[in-house]
K.L.:
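Below are the structure tokens for one structure; questions will follow.
What's counted below: heavy atoms across the whole structure, side chains too, no hydrogens, waters or symmetry copies. If you read the sequence from its start, that first residue is 1, and numbering goes on from there.
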Amino acid sequence: MEQTRRMRKKDMTHRAIMHSAKLLFEKNGISNVTIEKIADGADVSRSTFFSHFDSLDDLLSQIANEEINDILKAAEKDGEIDIDAVFTKLAEDTYPYPSLMCELVVRSILLGKDSSVSNVFRLLGKEISNGGYDKLKEMFSDKDISALIFGAYFGLIFRKITDKENFGNPKETINKINYFINYLKNQEDNNNE
């Protein structure tokens with residue numbers, strides 16, 4: 001029982017550090033946040049921070065992986081891929097921390113092939129290869145279509161950031177991206193009419 005209590009406390013401390021970091025990263029930008037500020041925000045010592053994370057980069061990596069794993073879990077229920085669930089979960093995770101999520105995605109992509117974002121691309125690629133998108137597949141590979149859809153989602157987020165729009169309710173963005181995906185998946189060749 002004592003072991004379980006310690007594990008719960010350790011998990012709560014880990015989450016408090018991550019929460020403090022997310023708030024600070026969103027407010028100040030990643031490059032303007034120090035370990036000391038994160039530790040202060042979580043009400044822990046610097047040494048406690050290092051008992052949970054090796055560095056700021058490790059913390060950022062764990063935040064990104066947690067977000068992506070949540071998206072992957074939401075998407076793969078009952079062995080089926082639910083593309084709507086991917087973007088619903090992504091929007092729900094993006095809206096509280098839009099700037100941070102954008103930075104994490106870019107950092108993850110720049111890390112290379114085995115980044116957490118590449119797992120989302122693979123998932124989208126599986127969905128695209130399962131059917132639909134026939135007209136697009138004449139010009140684009142499944143990977144290209146995945147990138148175009150993922151890019152469209154973040155294009156909506158970047159536009160909201162650029163226009164300094166409020167990030168209150170993610171439903172509008174979810175509806176827009178789902179409409180866009182369904183349009184791409186089901187578009188007909190109007191040239192044959």
K.L.:
Any chance you could measure Leu56, atom CG, to Ile63, atom CD1, to the nearest 0.5 Å?
P.N.:
9.5 Å
K.L.:
Identify every side-chain donor-acceptor pair in residues 83-91 under 3.5 Å, counting partners at least two apart or on other chains, and give the distances.
P.N.:
| unit_1 | atom_1 | unit_2 | atom_2 | d |
| --- | --- | --- | --- | --- |
| Thr88 | OG1 | Asp84 | O | 2.8 |
| Lys89 | NZ | Asp93 | OD1 | 3.3 |

K.L.:
How many angstroms lie between CD in Glu26 and SG in Cys102, if you round to the nearest 0.5 Å?
P.N.:
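With rounding to 0.5 Å, CD (Glu26) is 8.5 Å from SG (Cys102).
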K.L.:
Can you name the closest pair of heavy atoms from Asn32 and Lys37 and give their distance?
P.N.:
O-NZ, 3.4 Å
K.L.:
Side chains of Tyr97 and Lys27: closer than 4.5 Å at any heavy-atom pair?
P.N.:
no
K.L.:
Can you find a heavy atom in the side chain of Lys185 that is under 4.5 Å from one in the side chain of Glu127?
P.N.:
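Lys185 reaches Glu127 side chain to side chain.
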K.L.:
Quick check on the hydrophobic clustering: are Leu184 and Tyr179 connected, directly or via other members, by side-chain heavy-atom contacts under 4.5 Å?
P.N.:
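Different hydrophobic clusters.
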K.L.:
Side chains of Lys10 and Thr13: closer than 4.5 Å at any heavy-atom pair?
P.N.:
no
K.L.:
Same cluster for Leu59 and Met12 if Ile/Leu/Val/Met/Phe/Trp/Tyr side chains link at under 4.5 Å?
P.N.:
no
K.L.:
Please report the interatomic distance CD1(Ile109) to CG(Leu104), rounded to the nearest 0.5 Å.
P.N.:
11.0 Å
K.L.:
Counting N and O atoms only, with roles assigned by atom type, does the side chain of Ser51 sit under 3.5 Å from a partner on the main chain of Thr48, one being a donor and the other an acceptor?
P.N.:
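Answer holds: yes.
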K.L.:
Is the backbone N or O of Phe158 less than 3.5 Å from a side-chain atom of Thr162, with the two atoms forming a donor-acceptor pair by type?
P.N.:
yes
K.L.:
Of all the heavy-atom pairs spanning Arg46 and Ala39, show the shortest one and how long it is.
P.N.:
N-CB, 4.2 Å
K.L.:
Can you pull the salt bridge (charged side-chain N to carboxylate O under 4.0 Å, His left out) pairs that have at least one residue in residues 143-171, sequence neighbours excluded?
P.N.:
Arg159-Asp163, Arg159-Glu165, Lys160-Glu165
K.L.:
Assess whether side chain to side chain donor-acceptor pair (under 3.5 Å) is satisfied between Tyr153 and Thr173, documenting all intermediate values.
P.N.:
CA-CA 8 Å; Tyr153 170 79; Thr173 300; over 6 Å; no
K.L.:
Just wondering, do Leu123 and Asn119 contact through their side chains at under 4.5 Å, heavy atoms?
P.N.:
no
K.L.:
For the pair Asn178 (side chain) and Ile174 (backbone), establish whether a donor and an acceptor sit closer than 3.5 Å, ignoring hydrogens and angles.
P.N.:
yes
K.L.:
Of all the heavy-atom pairs spanning Phe121 and Ala147, show the shortest one and how long it is.
P.N.:
CE2-CA, 3.9 Å
K.L.:
Pair up each side-chain donor or acceptor in residues 15-25 with any protein partner under 3.5 Å, not counting sequence neighbours, and list the distances.
P.N.:
| unit_1 | atom_1 | unit_2 | atom_2 | d |
| --- | --- | --- | --- | --- |
| Arg15 | NH1 | Glu66 | OE2 | 3.2 |
| Ser20 | OG | Ile38 | O | 2.9 |
| Lys22 | NZ | Glu67 | OE2 | 3.0 |

K.L.:
Might you point out which heavy atoms bring Asp142 and Gly125 nearest each other, and give the distance in Å?
P.N.:
OD2-O, 4.1 Å
K.L.:
Describe, in one word, how the ring planes of His52 and His14 are oriented to each other, choosing from parallel (under 30°), tilted (30 to 60°) and perpendicular (over 60°).
P.N.:
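Geometry flag for His14 against His52: tilted rings.
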K.L.:
Kindly write out the residues that satisfy ring-ring contact (aromatic ring centres under 6.0 Å, His included) with Phe140, not counting sequence neighbours, or none if the list is empty.
P.N.:
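ring-ring contact (aromatic ring centres under 6.0 Å, His included) check on Phe140 returns nothing, list empty.
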K.L.:
Applying ring-ring contact (aromatic ring centres under 6.0 Å, His included), can you list everything that pairs with Phe49, at least two apart in sequence or on another chain?
P.N.:
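Only Phe53 meet the ring-ring contact (aromatic ring centres under 6.0 Å, His included) criterion with Phe49.
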K.L.:
Might you point out which heavy atoms bring Ser45 and Ser47 nearest each other, and give the distance in Å?
P.N.:
OG-OG, 3.0 Å
K.L.:
Drop me the distance from Ser108's OG to Leu60's CG, to the nearest 0.5 angstrom.
P.N.:
11.0 Å
K.L.:
In Å, rounded to the nearest 0.5 Å, how long is the span from CD1 of Ile177 to CD of Glu172?
P.N.:
12.5 Å
K.L.:
How close do Gly29 and Glu103 get, heavy atom to heavy atom, and via which atoms?
P.N.:
CA-OE2, 4.2 Å
K.L.:
Is there side-chain contact between Ile149 and Ile128, with at least one heavy-atom pair below 4.5 Å?
P.N.:
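Of all side-chain heavy-atom pairs linking Ile128 with Ile149, at least one is under 4.5 Å.
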K.L.:
With sequence neighbours left out, which residue pairs that include part of residues 52-65 fulfil the salt bridge (charged side-chain N to carboxylate O under 4.0 Å, His left out) condition?
P.N.:
Asp57-Arg107
K.L.:
Report yes if the side chains of Phe50 and Ile35 come closer than 4.5 Å at any heavy-atom pair, otherwise no.
P.N.:
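Counting from C-beta outward, Phe50 and Ile35 do come under 4.5 Å.
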K.L.:
Check this for me: Asp43, atom CG, are more than 12 non-hydrogen atoms of other residues, nucleotides or ligands nearer than 6.0 Å?
P.N.:
no
K.L.:
Please name the residue in the list Val106, Thr94, Ile157 that meets the side chain to side chain contact (heavy atoms under 4.5 Å, CB included) test with Met101.
P.N.:
Thr94
